A.B. asks: 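Here you go, one structure.
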Amino acid sequence: MNVEGRNFTEDRWKRYRSEERLERAIKMRAKEQQLCLGAEILLNLSLKKTFPSIQLPALYERNAHGKPYLLSQENLYMNWSHSGSWVVCALADREVGIDLQYTGKEPGNSLIRRVLQPEEQPFYEKAAAERKQRLFYEYWVIKESFLKALGTGFYTSLATFYIRMKEPYPEIVRKEPGGAFTCRLLEFSTADYTAAVCIEGIHPELERHTSVKFLSGDSEI
């Protein structure tokens, strides 16, 4: 959902936002305020379409690392992300992480070295020059969606795993014992953004059992 030009502090959004989130958001600058509120509103719009019996705004709590978990429904997991003027949200029946990044800013060499692991460098270096900037952000969203699915975020070191870029499911290779996760890059409606979703478990044939849909929120406006 694009938050540009929207004001989620208006009363018409009251059903889809919590008072706690509103109190937090009003202390922010205008753009950050709309991203903060927009993420929660998109979650509740998504819940309205998929689980209409859930009372809105949905209640959630955070684990020790800040990942939100719904309180109103067992075996339903959620995650959200925002970047630029966009927010995205994921719902799943297992642990899930989603990440969105604006790809229009060239990453510095120090950031590239910090994010990409030695196992990933050969693939990155072989990429065409015009492809490298977007490829870096693809690595980034896959890594962050995985860390969010784990529920730890960057409390888990990037050095504990690496990515094998494969189609259609980039492979997470863990250097320490741990469960399997399946990640996928998402097609995004705006070319200068990229996004990825990661869920707990091995697909198999994930496409037969899982659908990925974008909810614009336009029907509510």
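Model, not experiment: these values are computed from the prediction.
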A.B. asks: What's the spacing between Ile199 CD1 and Arg184 CZ if we round to 0.5 Å?
C.D. replies: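 Result: 11.0 Å between the selected atoms.
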
A.B. asks: Can you confirm whether Lys31 is buried at NZ, in the sense that more than 12 heavy atoms of other residues, nucleotides or ligands lie under 6.0 Å from that atom?
C.D. replies: no

A.B. asks: May I ask you to decide if the ring planes of Tyr193 and Phe188 are parallel, tilted or perpendicular, using 30° and 60° as cut-offs?
C.D. replies: tilted

A.B. asks: Quick one: does any side-chain atom of Asn79 pair with a main-chain N or O of Ile98 as donor and acceptor, under 3.5 Å?
C.D. replies: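 Confirmed, Asn79 side chain pairs with Ile98 backbone.
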
A.B. asks: Please round to the nearest 0.5 Å and tell me the distance separating atom CZ of Phe8 and atom CD1 of Ile41.
C.D. replies: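 Reported value, rounded in 0.5 Å steps: 5.0 Å.
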
A.B. asks: Would you call the rings of Phe123 and Tyr139 parallel, tilted or perpendicular, where under 30° means parallel and over 60° means perpendicular?
C.D. replies: perpendicular

A.B. asks: Side-chain heavy atoms nearer than 4.5 Å, only ILVMFWY residues, links allowed to pass through others: does that put Tyr60 and Trp13 together?
C.D. replies: yes

A.B. asks: Mind checking whether Arg21 and Pro57 have side chains closer than 4.5 Å, heavy atoms only?
C.D. replies: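 When only atoms from C-beta onward are counted, Pro57 and Arg21 do not touch, as no gap falls below 4.5 Å.
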
A.B. asks: Salt bridge or not between Glu40 and Arg24? Use side-chain N to carboxylate O under 4.0 Å.
C.D. replies: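 Between Arg24 and Glu40 there is no salt bridge, as every charged N stays at least 4.0 Å from the carboxylate O atoms.
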
A.B. asks: So which atom in Ile142 and which in Pro170 form the shortest heavy-atom distance, rounded to 0.1 Å?
C.D. replies: CD1-CG, 3.5 Å

A.B. asks: If you round to the nearest 0.5 Å, how far is CG of Asn75 from CD of Gln73?
C.D. replies: 8.5 Å

A.B. asks: Please check if the side chain of Lys67 supplies one atom and the backbone of Gly153 the other of a donor-acceptor pair under 3.5 Å.
C.D. replies: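 The answer is no, because no donor-acceptor pair under 3.5 Å joins these two groups.
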
A.B. asks: How close do Leu42 and Cys89 get, counting heavy atoms only, and between which atoms?
C.D. replies: CD2-N, 3.8 Å

A.B. asks: State whether Glu200 and Arg94 are salt-bridged, where the test is any N-O pair (Lys NZ or Arg NE/NH1/NH2 against Asp/Glu carboxylate O) under 4.0 Å.
C.D. replies: no

A.B. asks: What's the spacing between Trp80 CH2 and Cys36 SG if we round to 0.5 Å?
C.D. replies: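 Trp80 CH2 to Cys36 SG: 8.0 Å, rounded to 0.5 Å.
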
A.B. asks: Which pair of heavy atoms, one from Leu56 and one from Asn44, lies closest together, and at what distance?
C.D. replies: CD2-OD1, 3.3 Å

A.B. asks: What distance separates Met78 CE from Leu47 CG, expressed to the nearest 0.5 Å?
C.D. replies: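 Here the interatomic distance stands at 8.0 Å.
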
A.B. asks: Are more than 12 heavy atoms from other residues, nucleotides or ligands located less than 6.0 Å from atom CD of Glu10?
C.D. replies: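 It does: Glu10 CD has more than 12 such atoms within range.
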
A.B. asks: Answer with yes or no whether the side chains of Gln121 and Tyr162 bring together a donor and an acceptor at under 3.5 Å.
C.D. replies: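 Side-chain D/A pair, Tyr162 to Gln121: absent.
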
A.B. asks: Distance-only, no hydrogens or angles: does the Arg174 side chain make a donor-acceptor pair with backbone N or O of Gly179 under 3.5 Å?
C.D. replies: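 Indeed, once roles are kept as given, a pair shorter than 3.5 Å links the two residues.
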
A.B. asks: For the pair Trp140 and Phe154, name the ring-plane relationship: parallel under 30°, tilted 30 to 60°, perpendicular over 60°.
C.D. replies: tilted

A.B. asks: Tell me if the CD atom of Glu125 is crowded by more than 12 foreign heavy atoms within 6.0 Å.
C.D. replies: yes

